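As a basis for the values below, the full set of heavy atoms in this structure was taken, side chains included, without hydrogen atoms, waters or symmetry mates. Position 1 is the first residue of the sequence, and the numbers go up from there. Small disclaimer: the values here were computed from a predicted structure and weren't measured.
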Amino acid sequence: METRTDEIADGIYRLSTLVEGIGPDGLTFNQFLVDGDEPFLFHTGMRSLFPTVSEALSRILPLERLRWIGFSHVEADECGALDGLLAAAPDAVVAHGRLGCDLWLSDQLDRAPRALADGEVLDIGGRRLRWLDTPHVPHDLNAGLMLEEVTGTLFCSDLFAQAGDPPATTADDILEPTLATLQIFSFTPIGAVTGPTLRRLADLKPDTLAIMHGATYCGDGAGALAGLAAHYDALLRQPA
C-alpha cells in the first residue's frame with residue numbers, strides 16, 4: 001500500500017491511498033496538507049494508514065512542524081490516526097467546531113482543542129481556513145467543513161465521493177461519477193437541512209473541491225454543489 005502526494009492547489013497537497021476491497025474498484029482515502037507558517041492537515045486517515053500517510057507527509061515537511069489538525073466529524077478515516085499524529089507533532093493542536101469539542105474532543109484529548117465558531121477563520125500564516133458548521137452534511141451532528149479562502153479550496157470530506165482510483169485532479173463533470181458512487185455507498189442522511197446546507201456552500205463559490213474519496217475537482221464548485229443539492233432535494237420529494 002502506497003500513499004501518493006500531489007499539489008492540487010497552490011501550497012495544498014493531497015495525500016492519497018487506494019484501499020482495495022471496498023466496493024467493486026476500491027476506494028481512495030485522502031488527506032490534505034495546507035502549507036503555511038503554521039501547517040494544517042485536514043483528515044488524518046485511519047490508524048492503520050498512519051505509517052504510510054506519515055511517511056508521505058514527511059516527504060513534504062517534517063512531522064514536528066505540523067501545527068494544526070482538523071477534520072469534519074468523528075469517524076475512523078477522518079480522525080483515526082489522531083493519536084499517532086499528535087505524538088509525532090508535539091506542537092500540533094486539533095481545531096474543530098464547538099459542538100465536536102464539547103461532545104468529545106475536550107474529554108478525549110490530553111491537549112486542549114481549539115474550538116471554532118461557525119464562520120470563524122483560523123489564520124495559519126499565508127492561508128485562512130474558515131470553519132463552517134454543517135450538521136449531518138455529509139453526516140453526524142458535529143460535522144463541519146473548511147474553506148481555505150486564499151485559494152478558494154473547500155475541504156468537502158465525504159461529499160462528491162468517487163469509487164476507484166481516479167487521477168489526483170479533474171476538471172471533468174464531477175456530479176455523474178458522484179451519483180454513480182452513491183449507488184454503492186449512501187453517505188449522507190437526507191433531510192430538510194441537506195439542500196440548504198449545500199446551497200450555502202455553493203454561495204462560497206469555491207474554485208477547488210478537495211474531496212476525501214476520489215479526485216479533487218478544479219472548476220465550477222458552486223455549480224457542482226448546487227447540482228448535488230438538487231439531487232438530494234429530488235430524493236427528499238420522492239414518496240417513502
Side-chain angles (χ1 to χ4, degrees), residues 1-9 11-23 25-36 38-96 100 105 108-111 113 122 124 127 129 138 140 143-146 148 153-169 185 187 208-217:
M1 194 177 297
E2 178 186 3
T3 298
R4 298 166 299 175
T5 61
D6 295 274
E7 189 172 10
I8 52 99
I12 299 179
Y13 299 87
R14 171 185 181 263
L15 295 86
S16 181
T17 312
L18 175 66
V19 178
E20 303 280 2
I22 301 177
D25 301 308
L27 192 66
T28 54
F29 291 82
N30 305 325
Q31 299 78 46
F32 297 94
L33 175 68
V34 184
D35 198 6
E38 300 178 356
F40 185 106
L41 183 70
F42 196 75
H43 306 150
T44 73
M46 295 86 81
R47 185 170 61 172
S48 61
L49 293 184
F50 178 70
T52 182
V53 170
S54 60
E55 192 277 330
L57 185 59
S58 68
R59 296 198 298 266
I60 304 171
L61 52 73
L63 287 180
E64 58 267 22
R65 271 201 63 216
L66 195 62
R67 181 65 176 81
W68 299 99
I69 301 170
F71 43 88
S72 170
H73 53 274
V74 183
E75 196 173 6
D77 55 354
E78 295 275 345
C79 54
L82 190 54
D83 286 345
L85 279 166
L86 288 173
D91 294 325
V93 173
V94 176
H96 201 269
L105 282 169
Q108 178 75 16
L109 300 177
D110 293 329
R111 211 172 300 171
L122 184 67
I124 65 170
R127 295 288 184 268
L129 289 146
D140 285 1
L145 302 177
M146 299 193 88
E148 200 293 292
T153 300
L154 179 66
F155 297 98
C156 291
S157 182
D158 293 309
L159 296 178
F160 297 104
Q162 310 133 56
D165 189 18
T169 62
F185 310 107
F187 288 112
T208 302
L209 301 179
I211 297 162
M212 184 185 228
H213 306 291
T216 291
Y217 176 63

Sole candidate of L15, L57, V53 that passes side chain to side chain contact (heavy atoms under 4.5 Å, CB included) when paired with T5: L15

Compare every heavy atom of D25 with every heavy atom of L18, then report the nearest pair and how far apart it is. CD1-O, 4.3 Å

Is the ring centre of Y217 less than 6.0 Å from the ring centre of F160? no

Non-hydrogen side-chain atoms of Y13 and L61 separated by less than 4.5 Å: no

What I'd like to find out is whether the side chain of Q108 reaches to under 4.5 Å of the side chain of V74, using heavy atoms alone. no

In short, L145 meets S72 closest at the heavy-atom pair CD2-OG, 4.0 Å

Atom CG of D91 and atom CD of E38: how far apart are they, to the nearest 0.5 Å? 10.0 Å

Assess whether atom CZ of R67 is packed by more than 12 heavy atoms of other residues, nucleotides or ligands within 6.0 Å. yes

Sequence-distant partners of D158, side chain to side chain contact (heavy atoms under 4.5 Å, CB included), two or more places apart: H73, E75, D77, E78, P138, H139, F187, M212, H213

Heavy atoms, side chains only, cut-off 4.5 Å: are L129 and F42 in contact? no

With a 4.5 Å limit on heavy-atom distance, are the side chains of L86 and L109 in contact? yes

Quick one: do F32 and T153 satisfy side-chain contact (heavy atoms from CB on, under 4.5 Å)? Show the steps, please. CA-CA 11 Å; F32 297 94; T153 300; over 6 Å; no

To the closest 0.5 Å, what do you measure between SG (C79) and CG (L85)? 11.0 Å

Validation row: I60, D35 side chains within 4.5 angstrom (heavy atoms): no

Donor-acceptor contact below 3.5 Å, side chain T52 vs main chain L49: no

side-chain contact (heavy atoms from CB on, under 4.5 Å) between I12 and T208, intermediate numbers included: CA-CA 11 Å; I12 299 179; T208 302; over 6 Å; no

Does D83 reach the side chain of F50, with side-chain heavy atoms less than 4.5 Å apart? no

Starting at CD1 of I8, measure out to OG of S16 and round the result to the nearest 0.5 Å. 11.5 Å

Any chance you could measure T17, atom OG1, to M46, atom CE, to the nearest 0.5 Å? 8.0 Å

What pair of heavy atoms forms the shortest contact from G80 to T44, and how long is it? N-OG1, 3.3 Å

Quick check: do L33 and P39 have side-chain heavy atoms less than 4.5 Å from each other? yes

Kindly say whether T169 contributes a backbone atom to a donor-acceptor pair with the side chain of T216 at under 3.5 angstrom? no

Test item: H96 side-chain N/O and G70 main-chain N/O as donor-acceptor pair under 3.5 Å: no

Smallest heavy-atom separation, W68 atom then A95 atom, equals CE3-CB, 4.1 Å

Flag side-chain contact, heavy atom, 4.5 Å: E55 against T3: no

Begin from the C-alpha positions of F40 and M146 and carry the test side-chain contact (heavy atoms from CB on, under 4.5 Å) through to its verdict. CA-CA 11 Å; F40 185 106; M146 299 193 88; 3.5 Å; yes

Any side-chain to backbone donor/acceptor pair from R111 onto V94? Under 3.5 Å, distance only. no

How far apart are the closest heavy atoms of L27 and A163, and which atoms are they? CD1-CA, 4.0 Å

Closest contact, heavy atoms only, N30 versus I211: ND2-O, 3.0 Å

